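Throughout, a chain's letter reflects where its sequence line sits, starting with A, and its residues are numbered from 1. These figures come from a predicted structure and were not determined experimentally.
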Amino acid sequence: MSTLKAVRGTRDLLPPETDLWNRVEATARQVFARYNFGEIRTPVFEDTQLFARGVGEETDIVSKEMYTWEDRERFDARAMREAWLSRDPNFFNSRTNVRTTESTIDLIVQRPGVLFEKPVKVVELVNFRPTIRQQDIDDLRKIVHRYSPEDPAAQKIGFLVVPSQRNADLATKEHTSKDKVVVVPISGKFFQSSQSLTLRPENTAGVVRAYIEYKLGESGLLQKLFYIGPQFRRERPQKGRYRQFWQIGAEVIGPPSAGSESPVRDAEVLEMLATFLDELGITGWTLVLNSVGSANDRPRYIAALREALKDKAPKMCADCQRRAETNPLRVLDCKVPEDQPIIETLPRIADYLDEDSRAHFATVLAALDACGVKYEVNPRLVRGLDYYTRTAFEFTHGGLGAQNALLGGGRYDGLSEAIGGPKAPGIGFAIGLDRLILTLQAQEQQAVTLADAYIAPLGEAQNSAALELARELRRAGLRIELGDGSFRLKKSFETGDKLARKIVLLGEDELRSGILTVKDFASGEQTKVPREELASHLR
RNA sequence: GCGGCUAUAGUUCAGCGGCAGAACGCCUGACUGUGGCUCAGGAUGUCGUGGGUUCGAUCCCCACUAGCCGCCCCA
């Protein structure tokens with residue numbers, strides 16, 4: 001049998017790496033808390049429509065990268081019962097006697113027989129099921145026989161009613177059964193339309209969905225929410241790019257009356273991100289931002305861009321020629337050196353912003369200047385998700401290779417309405433946690449976290465006493481690694497040196513006297529410590 | 001999704017159409033309650049998986065899987 005491995009693009013996070021993950025997440029929680037954000041946890045999968053409408057049908061994410069599946073269809077037993085009853089409206093005296101469920105045999109109707117030639121009495125046992133198994137037939141047969149004790153005149157029949165498309169072979173086979181069980185295929189629509197579900201490729205749409213669903217806007221207050229969780233995109237795995245990847249994100253969203261459109265919100269979010277990265281100790285990040293225009297500005301700009309590209313695209317690289325057709329904004333992103341002079345001549349979004357957008361962006365920049373957050377304006381910065389409007393930004397970092405975006409985000413003033421909610425402008429970001437960890441790891445080689453002490457029982461007889469001592473110290477809040485009395489002393493020292501800062505020897509002498517031998521690995525210094533002072537000595 | 005490179009011991013990697021290798025790590029002993037140094041000895045393994053060529057394949061060929069790099073896209 002081939003060995004099972006983590007599937008493509010997914011991975012396991014193990015110690016000591018997980019220590020780093022926890023540190024990053026803890027720092028995010030601390031920093032966000034200072035800005036008065038609260039945590040939201042949304043489901044890992046959502047209705048596919050949420051992403052189609054929110055992220056945009058034409059985006060790469062939605063059109064080719066989502067993990068989407070049809071949820072199992074639901075069987076509509078009620079519809080099937082109706083179909084069965086209406087097959088012959090006079091068949092039953094009273095429909096109120098008919099009780100059905102999807103999986104139980106619970107229908108008994110008594111009346112003079114009409115279906116069969118000479119029965120005195122007919123008992124129908126009806127089982128409505130989406131599919132039918134041999135087991136059902138056997139069960140029903142047993143019941144039929146229980147209902148026909150000695151009376152040979154009594155004709156009792158069990159009916160198994162199934163949707164005609166299902167179990168066709170079984171149905172026809174059993175139809176000829178002489179055993180008082182008849183399988184009745186009924187045609188009709190008995191399977192409720194199933195639902196298309198999708199593993200979330202990003203989390204903003206889910207947050208906005210929750211905002212709408214719980215009418216958070218009705219509070220009249222700005223909602224400030226953050227999340228930490230896995231996202232899923234079916235892309236080719238690469239460094240810093242996985243099919244299950246982690247994001248830490250936050251959203252500021254609310255009705256316009258709560259100030260959700262204010263440029264100070266944009267600046268505050270950006271300032272918070274700068275603080276977060278600084279507190280983590282990430283050096284060398286760059287904030288790049290741009291205004292991609294409002295819902296009114298963008299179409300005008302794209303039209304102008306297409307117009308300009310008609311002449312210029314043929315002189316550009318093959319990718320750009322394709323992008324000029326499919327997604328003209330992406331041409332601005334091109335990294336081919338020869339194309340750069342041409343790109344410089346293309347229309348700039350800044351020239352197509354209306355007065356509001358222009359003023360909004362200027363105010364964001366002024367606020368950043370005021371609080372000393374450094375940034376670069378890149379008029380060519382574009383984003384891959386349809387919902388972004390006006391302020392769009394990235395924090396980039398060298399040393400991430402092709403995936404140099406550490407985090408990205410922007411304003412999404414029309415998202416709520418796009419998915420059927422009230423007007424609720426917002427701004428948010430998503431941090432690529434995997435990439436953040438990569439840059440942190442590149443910056444500092446990670447030290448294994450050493451335990452405060454390694455307890456070495458000398459001889460197996462000391463094992464239980466050592467466990468007791470370990471319990472005592474652990475309860476005092478110390479990080480303790482417990483050895484094994486079967487180890488030779490040399491091995492205890494070697495193992496202890498790898499795992500802990502100090503070693504505590506527990507042999508017969510120590511146990512008798514209550515004075516423990518403690519040796520510090522770094523200094524080589526050995527001391528005798530009374531048991532009651534041990535915890536404070538180790539701290 | 002496209003192109004390139006890679007896959008051998010726990011790890012990092014050599015290697016060759018004919019007995020599977022090094023370093024580090026690991027285990028044992030020298031050394032019975034004091035490690036790191038030293039010395040002696042030992043085990044490392046389906047050579048990614050499946051097929052093909054061959055007398056013979058870890059090596060050559062094909063497919064698959066996974067990883068890395070670039071593209072695309074994004075965080």
Original post:
For B:C71, does the glycosidic angle fall within 90° of 0 (syn) or outside that (anti)?
Top reply: anti
**OP:** List the steps and the verdict of side-chain hydrogen bond (donor to acceptor under 3.5 Å, both in side chains) for A:Thr42 and A:Asn203.
**Re:** CA-CA 8 Å; A:Thr42 66; A:Asn203 218 331; 2.9 Å; yes
Original post:
Expressed in whole Å, how much space separates the C1' atoms belonging to B:G15 and B:C37?
Top reply: 33 Å
**OP:** Would you mind reading off the distance between A:Leu436 atom CG and B:A75 atom P, rounded to a whole angstrom?
**Re:** 15 Å
**OP:** Using only heavy-atom distances, decide whether a donor-acceptor pair under 3.5 angstrom links the side-chain of A:Arg241 to the base of B:C68.
**Re:** no
Original post:
Under 3.5 Å, is there a donor-acceptor pair between the A:Asp297 and A:Ser294 side chains?
Top reply: yes
Original post:
What does A:Phe395 touch in the nucleic acid at a heavy-atom separation under 4.0 angstrom: a base, only the sugar-phosphate, or nothing?
Top reply: nothing
Original post:
When you check the side-chain N and O atoms of A:Thr345 and A:Lys312, is any donor under 3.5 Å from an acceptor?
Top reply: yes
Original post:
Any chance the side chains of A:Gln231 and A:Tyr242 put a donor and an acceptor closer than 3.5 Å?
Top reply: no
Original post:
On a whole-Å scale, what distance lies between the P atoms belonging to B:G45 and B:G21?
Top reply: 14 Å
**OP:** Report yes if the distance between the aromatic ring centroids of A:Phe37 and A:Phe226 is under 6.0 Å, otherwise no.
**Re:** no
**OP:** Using the criterion of both pairing distances under 3.5 Å for Watson-Crick and G-U wobble pairs, give all stems of 3 or more consecutive pairs involving RNA chain B.
**Re:** B:1-7 with B:65-71, B:10-13 with B:21-24, B:26-30 with B:38-42, B:48-52 with B:60-64
Original post:
Quick one: what's the B/S/- string for nucleotides 32-39 of chain B, heavy-atom cutoff under 4.0 Å, read 5' to 3'?
Top reply: SBBBB---
Original post:
At under 4.0 Å between heavy atoms, what does A:Arg8 touch on the DNA or RNA strands: base, sugar-phosphate, or nothing?
Top reply: sugar-phosphate
Original post:
Between A:Glu271 and A:Tyr35, is any side-chain donor less than 3.5 angstrom from a side-chain acceptor?
Top reply: yes
**OP:** Would you tell me whether A:Glu251 and A:Thr204 have side-chain atoms, one donor and one acceptor, within less than 3.5 Å of each other?
**Re:** yes
**OP:** Examine A:Lys490 relative to A:Phe493 and say whether NZ or CZ is less than 6.0 Å from the centre of the six-membered ring and inside a 45° cone about the ring axis.
**Re:** no
**OP:** Pick base, sugar-phosphate or nothing for A:Arg11, based on heavy-atom distances below 4.0 Å to the nucleic acid.
**Re:** nothing
